[in-house]
Amino acid sequence: WLVIAVGLVRAYLAKGSYHSLYYSIEKPLKFFQTGALLEILHCALGIVPSSVVLTAFQVMSRVFLTWAVTHSVKEVQTEDSVLLFVVAWTITEIIRYSFYTFSLLNHLPYLIKWARYTLFIVLYPMGVSGELLTIYAALPFVRQSGLYSISLPNKYNFSFDYYTFLILVMISYIPIFPQLYFHMLHQRRKVLSHNEEHKKSE
C-alpha cells in the first residue's frame, strides 16, 4: 500500500492534477487488493481474531469494486470518485498494517494506535462515498452495454440483470455500513479509553 501511495504522489507531481491518477496505480491496486482475500482465510483459520463475516464483507466489497466495477467499466476509471476510495483505502491500510506490524513487535507507538482508531471516522465515509459514486457512475454504461447480464430465452432458463444487481449492492450499504461504522466507534471507545485509564494508573 505504500507503493500505491508513492505512485499516487509521483503521478500527481508529474501531472500537476489529481484527475485520472487511477491509471498510475491500477496494477498494484489490483494485486494488493486481490491479495487481501487471504485475510478472510486468516480469520477463518483463527490466525487473526477478527470477525470472519465483517472481514469478508469489507474485503469482498473492495475486490468487487476493483474488478467487477472499476476494471470492467472502463468509462468510470477517470471519475474522481475512484480516486476518493483509492486514497481512503490506501491511508487506511497503511495505518492498519503498521498497527499489526508494531503490535507483533510488541512496540506499538500510541500515535499509530490513535490513528488506527480515529482516522476511520473520516476515511470510512470517504471510502464508502467513493465506492457508491463509482457504482452510480457505472450504471448507465452497464445498462447500455448489457455487461454481465443474461437474458431469456436461453438453455438454462435463467436471467440475470447486472444493472439491477448493482443497484441492490448500493442499497445493501444502507444497513451494513452503519453496523461496521458503529462497531469501529465501539472499538475506539474500548481501546482508547482503556489506554487512558492505564496512563492514569501509572
Euclidean distance, [Y] [atom2] relative to [X] [atom1], rounded to 0.5 Å:
X: Leu65; Y: Ser72; atom1: CG; atom2: OG; answer: 11.0 Å
X: Leu152; Y: Phe158; atom1: CG; atom2: CZ; answer: 9.0 Å
X: Leu21; Y: Arg10; atom1: CG; atom2: CZ; answer: 13.0 Å
X: Met60; Y: Leu37; atom1: CE; atom2: CG; answer: 6.0 Å
X: Leu147; Y: Asp161; atom1: CG; atom2: CG; answer: 11.0 Å
X: Ile91; Y: Leu123; atom1: CD1; atom2: CG; answer: 5.5 Å

Counting heavy atoms not belonging to [X], are there more than 12 under 6.0 Å from its [atom1]?
X: Tyr148; atom1: OH; result: yes
X: Lys27; atom1: NZ; result: no
X: Arg96; atom1: CZ; result: yes
X: Tyr100; atom1: OH; result: yes
X: Phe182; atom1: CZ; result: no
X: Tyr136; atom1: OH; result: no
X: Tyr156; atom1: OH; result: no
X: Phe64; atom1: CZ; result: yes

Cluster overlap [X] with [Y], hydrophobic side-chain contacts below 4.5 Å:
X: Val191; Y: Leu54; answer: yes
X: Leu132; Y: Val87; answer: yes
X: Leu38; Y: Phe57; answer: no
X: Val69; Y: Phe141; answer: yes
X: Val128; Y: Ile174; answer: yes

Which pair of heavy atoms, one from [X] and one from [Y], lies closest together, and at what distance?
X: Leu29; Y: Ile4; value: CA-CD1, 3.7 Å
X: Ser172; Y: Val169; value: OG-O, 2.5 Å
X: Gln77; Y: Tyr23; value: OE1-CE2, 3.1 Å
X: Lys15; Y: Ser20; value: NZ-O, 3.0 Å
X: Val59; Y: Ala36; value: CG1-O, 3.6 Å
X: Val76; Y: Thr70; value: CG2-CA, 4.0 Å

Determine whether [X] and [Y] make a side-chain contact, defined as any pair of heavy atoms from C-beta on separated by less than 4.5 Å.
X: Leu83; Y: Leu8; value: yes
X: Thr78; Y: His19; value: no
X: Tyr162; Y: Ile167; value: no
X: Leu185; Y: Phe120; value: yes
X: Val48; Y: Glu39; value: no
X: Ser149; Y: Phe165; value: no
X: Gln144; Y: Glu75; value: no
X: Phe32; Y: Glu93; value: no

Before we go on, tell me: are the rings of Trp89 and Phe85 under 6.0 Å apart, centre to centre?
yes

Heavy-atom donor-acceptor pair, Ser61 side chain to Gln58 backbone, under 3.5 Å
yes

So, does Tyr181 use its side chain to make a donor-acceptor pair with the main chain of Ile121 at under 3.5 Å?
yes

Non-neighbouring partners of Lys30 that pass side-chain contact (heavy atoms from CB on, under 4.5 Å), sequence neighbours left out:
Tyr22, Glu26, Thr66, Trp67, His71

Please step through side-chain contact (heavy atoms from CB on, under 4.5 Å) for the pair Met170 and Leu139, ending with a clear verdict.
CA-CA 11 Å; Met170 293 175 72; Leu139 289 176; 4.2 Å; yes

